[in-house]
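Please read the structure below before turning to the comments.
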Amino acid sequence: MMKKILMIATGGTIACCRSDAGLTPLLSCQELIDYVPASRSFCQVTGIQAFNIDSTNMEPEHWLTIAGLIEEHYEKYDGFVICHGTDTMAYTAAALSYLVQNSPKPIVITGAQKPIDMEITDAKTNLLDSLRFASCPRAHGVAIVFDGKVIAGTRGKKERTKSYNAFSSINFPYIAVIQEEHILFYLDDKDRCTGPVSFCRTLNPKVGLLKLIPSSSADLLDYMAGRYDGVIIESFGVGGLPSYKSGDFRQSISRWIGLGKTVVMTTQVTNEGSNMSIYEVGKNIKEEFGLLEAYDMTLEAAVTKLMWILGRTKDPEEIRRLFYKTINHDILWHG
Ligand code: ASP
């Protein structure tokens, strides 16, 4: 039976045209669909233009709009494909993993490194692969499809700015690979998706990021307390906080926790995750303030998960419980 797919276009390079001002997303959703006539042999695609922006301009409001469109049309379609810029695609995929949970239907996010109207481009392959995966009865949940790989929505990271293999799956295997018309599953677990699909309609965008460098001052953290309800501190290696003179992070962390705000520690190192309990620079301060830690989660997942959680609760115990709950394969281990 022909699958019914809803394609939601949001802009990005895939929809770009050249102009004097640089590449700008101008192609419509229907124009994108028309570039992949081969999809007509296995699915029937309906298009919605959510917006047409460079994903540099993506904000949490846009994620809510995309999730809202999926919710509104959920019953009528077998799968969903979101065309998106690559720059913030990993954030959107992670955000949708929290906004739309337990979906037995596939929700695929894709884009391209080259516009679809160029002679040499990855756009047509990525779009066709995405429609194919979204039409597959064994596929489910939120995933990125790019360069023949299917990556769990919480595990993607843009690691290359120009090559076709722009995305990696961090600390987690690919869900599947797509070769021509074949989908080879490495993780074939649709039978474990039992609960009903659930949609969330709120996010708290007041989440900040502080990336440490040697010399970072804790003043930055104090400043951020005035603007954010939660902060993610990207530390070094497995994780720690400086205690040198110009950066008394202990004081600032104490202030954050005293204000009832959330502090999450993570690492700048892409692979293998954090574990603050290893070194003295991490262990003591973590225990003293009960800091949360992202462990093997990506930064993109940690940021959007915190926005999702802080949109639901202010209770520290509930925040901790939700943060360590595995959603769409986002965290495999926590101490
Ligand atoms: N700047 C573009 C965007 O993220 C890049 C891309 O789509 O590849 O919208």
Side-chain angles (χ1 to χ4, degrees), residues 7-36 47-67 69-70 80-97 99 107-131 133-134 142-151 153-170 174 178 203 205 209 270 298-301 303-304 307:
M7 187 166 128
I8 302 171
T10 72
T13 293
I14 192 167
C16 272
C17 296
R18 282 187 215 87
S19 79
D20 289 344
L23 288 174
T24 315
L26 290 172
L27 295 179
S28 70
C29 191
Q30 190 54 51
E31 283 172 303
L32 293 177
I33 296 168
D34 291 343
Y35 272 102
V36 285
I48 295 186
Q49 191 77 49
F51 26 84
N52 217 354
I53 60 171
D54 190 295
S55 79
T56 299
N57 283 320
M58 199 60 69
E59 294 180 84
E61 274 299 311
H62 294 105
W63 302 331
L64 292 171
T65 300
I66 298 168
L69 286 170
I70 297 170
F80 302 83
V81 171
I82 297 138
C83 288
H84 197 288
T86 61
D87 291 345
T88 59
M89 184 185 290
Y91 285 95
T92 299
L96 289 177
S97 299
L99 292 174
I107 298 164
V108 174
I109 298 134
T110 197
Q113 291 284 57
K114 295 273 182 249
I116 206 162
D117 70 353
M118 281 191 175
E119 202 183 331
I120 297 175
T121 174
D122 53 338
K124 287 177 225 164
T125 307
N126 286 349
L127 190 48
L128 194 60
D129 282 353
S130 298
L131 291 167
F133 192 73
V142 179
I144 291 174
V145 170
F146 209 93
D147 192 40
K149 285 108 187 168
V150 182
I151 299 171
T154 57
R155 292 292 185 171
K157 189 177 279 291
K158 184 171 178 180
E159 287 205 309
R160 289 180 185 78
T161 54
K162 295 167 188 168
S163 309
Y164 286 173
N165 59 342
F167 286 89
S168 303
S169 182
I170 304 301
Y174 296 130
I178 306 174
L203 288 169
L209 171 68
T270 308
T298 63
L299 174 68
E300 292 84 342
V303 165
T304 53
M307 288 183 181

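Counting starts at 1 for both ligands and their atoms, following the listed order. Treat the numbers as computed from the prediction; the structure is a model and nothing was measured.
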In the protein, which heavy atom is nearest to [atom], and how far is it?
atom	value
atom 8 (O) of ligand 1	Thr86 OG1, 2.5 Å
atom 1 (N) of ligand 1	Asp87 OD2, 2.7 Å
atom 5 (C) of ligand 1	Thr13 OG1, 3.1 Å
atom 9 (O) of ligand 1	Ser55 N, 2.7 Å

- Please state whether the rings of Tyr91 and Trp63 are parallel, tilted or perpendicular, taking 30° and 60° as the class boundaries. parallel
- Compare every heavy atom of Ala93 with every heavy atom of Val142, then report the nearest pair and how far apart it is.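 So the two residues come closest at CG1-O, 3.5 Å.
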- Heavy-atom closest pair, residues Met7 and Cys29: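 Of all heavy-atom pairs spanning Met7 and Cys29, the closest is O-SG, 3.6 Å.
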- Item | Ala112 to ligand 1, any heavy atom closer than 4.0 Å | yes
- Compute the shortest N/O to N/O distance between Thr56 and ligand 1 and return yes if it is under 3.5 Å, no if not.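 In this structure, Thr56 places no N or O atom under 3.5 Å from an N or O of ligand 1.
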- Does any donor atom in the side chain of His84 or Thr92 lie under 3.5 Å from an acceptor atom in the other side chain? yes
- Task: Look at atom NZ of Lys157 and say whether more than 12 heavy atoms of other residues, nucleotides or ligands are closer to it than 6.0 Å.
- Result: yes
- Is it true that a side-chain atom of Ser163 and a backbone atom of Asn165 form a donor plus acceptor pair closer than 3.5 Å? no
- Task: State the atoms of ligand 1, each with its element, that fall below the 4.0 Å cut-off from a heavy-atom position in Gly12.
- Result: 7 (O), 9 (O)
